[in-house]
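As structure tokens, the structure follows; a few thoughts come after it.
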2 protein chains.
Amino acid sequence: MGKDLIHENLAKQVKNKMLSDDLLFDIAEVFKIFGDSTRIKIIYALKLSELCVSDLAFITNTSDSAISHQLRILKQAKLVKSRKEGKVVYYSLKDEHVIKLFEIGREHAYEL
Amino acid sequence: MGKDLIHENLAKQVKNKMLSDDLLFDIAEVFKIFGDSTRIKIIYALKLSELCVSDLAFITNTSDSAISHQLRILKQAKLVKSRKEGKVVYYSLKDEHVIKLFEIGREHAYEL
DNA sequence: TAAATATATGAACAATTATTCAGATAAGAG
DNA sequence: CTCTTATCTGAATAATTGTTCATATATTTA
């Protein structure tokens with residue numbers, strides 16, 4: 001006896017309306033970037049001001065190296081951008097989208 | 001020689017304006033829940049309809065057990081709610097907040 | 001050119017986590 | 001009561017990931 005679906009029609013309809021696995025994967029990837037304390041701290045700090053690596057390390061009580069690693073991830077995810085001035089690299093948020101996403105997560109966190 | 005801050009005043013000002021570590025941690029936790037393919041699929045499916053465990057397993061091509069584990073996480077995070085009817089447990093999204101968060105993540109994913 | 005500084009990087013390690021598997025509950029059907 | 005079905009659960013495994021440490025690169029300054 002094969003396994004029967006409890007709500008066959010409904011389940012098949014929903015399955016047909018699902019977004020592509022690729023897109024759902026990408027959406028999860030975006031959230032994954034926000035889902036780390038250090039990166040969230042960096043994002044919030046950059047929401048307040050453009051900052052360099054050592055500023056961010058000081059602000060978040062983390063090592064320069066850890067910050068640098070996380071900034072690379074944030075940059076690859078196109079959430080932050082950077083500009084170099086001499087030895088110093090200044091980072092800032094890429095666009096308003098990032099702030100919007102942060103704020104909605106913040107609202108939800110308040111509700112818990 | 002102690003390590004000097006490159007932008008002492010700015011960095012200290014930003015540090016003073018930072019949200020509490022606890023709140024930033026909670027915000028990251030919310031995003032972490034969304035940051036998994038299986039959970040994102042569940043959330044999107046539940047956006048389309050109230051569904052039971054085996055429906056979700058069929059729709060997402062995952063085992064009942066894996067779905068059940070993830071639903072527990074989603075419920076603890078207050079992103080989904082459930083009601084029981086006989087042997088079957090029906091799950092649905094907790095509120096519009098969840099949809100809003102999903103949609104903004106989706107917008108960002110499109111831009112990549 | 002040599003020393004100092006800001007940032008970046010690769011490897012190793014520890015911690016977290018998603019899935020699987022076996023089995024436990026709970027509820028309806030025969 | 002027994003069998004089947006839907007869901008849940010705990011332990012084990014495998015994979016991912018964040019930090020640290022040592023070192024490399026790049027730029028300024030002495």
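Letters go in sequence order (proteins before strands), and every chain restarts at 1. If you're wondering where the values come from, they're calculated on a predicted model, not measured in any experiment.
If you take CD1 of Ile33(B) and C1' of dT16(C), they are 13 Å apart, rounded to a whole angstrom. Between the CZ atom of Arg72(A) and the C1' atom of dA24(D) there is a distance of 15 Å, rounded to whole Å. Atom CG in Asn61(A) sits about 12 Å away from atom P in dT20(D), given to the nearest Å. One interatomic measurement links the two molecules: CD1 of Ile67(A) to P of dT7(C), which rounds to 11 Å at whole-angstrom precision. Rounded to whole Å, atom P of dG10(D) lies 18 Å from atom CG of Asp64(B). We find that NE2 of His7(A) is positioned 16 Å from P of dT5(D), with the value rounded to whole Å. Separating the CG atom of Leu56(B) from the C1' atom of dC8(D) is a distance of 15 Å, rounded to the nearest angstrom. Computed from coordinates, the Ile73(A) CD1 to dT16(D) P distance equals 14 Å when rounded to whole Å.
Side-chain atoms of Ser65(B) stay outside donor-acceptor range of the base of dT7(D), with no qualifying N/O pair under 3.5 Å. If you check distances only, the side chain of His69(B) never reaches the base of dT17(C) with a donor-acceptor pair under 3.5 Å.
Arg39(A) has a side-chain polar atom (N or O) that falls below the 4.0 Å cut-off from OP1 or OP2 of dG18(D). The shortest distance between the side-chain N/O atoms of Thr38(B) and the OP1/OP2 oxygens of dT19(C) is below 4.0 Å. Ser63(A) has no side-chain polar atom (N or O) that falls below the 4.0 Å cut-off from OP1 or OP2 of dT19(D). Close to dT7(C), at under 4.0 Å from its OP1 or OP2, lies no side-chain N or O of Lys84(A).
Nearest-nucleotide positions on DNA chain D place Lys32(A) closer to the 5' end than the other of Lys32(A) and Glu85(A). When the nearest nucleotides of DNA chain D are assigned to Lys87(B) and Gln70(A) by heavy-atom distance, the more 5′-ward of the two goes with Lys87(B).
The shortest side-chain heavy-atom distance between Arg39(A) and Phe31(B) does not fall under the 4.5 Å cut-off.
For His108(A) and Phe34(B), the ring centers sit 6.0 Å or farther from each other.
Counting any heavy atom pair closer than 4.0 Å across all strands shown, Tyr90(B) reaches no nucleic acid atom. Note on Thr62(A): nothing from the nucleic acid sits closer than 4.0 angstrom, heavy atoms only.
Atom NZ in Lys100(B) sits 5.0 Å away from atom CD1 in Ile104(A) (nearest 0.5 Å).
Taking every side-chain heavy atom of Cys52(A) into account, dT7(C) is the closest of dT7(C), dT19(D), dC8(D). Of the listed nucleotides (dC8(D), dA18(C), dA26(C)), dA18(C) has the atom at the smallest distance from the side chain of Asp36(B).
Looking only at distances, a side-chain donor or acceptor of Asp95(A) sits under 3.5 Å from a matching main-chain atom of Val98(A).
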Practice problem: Could you give me the CA-CA distance, side-chain angles and deciding distance for Lys41(B) and Ile59(B), then say whether side chain to side chain contact (heavy atoms under 4.5 Å, CB included) is met? | Solution: CA-CA 9 Å; Lys41(B) 286 179 190 173; Ile59(B) 292 163; over 6 Å; no

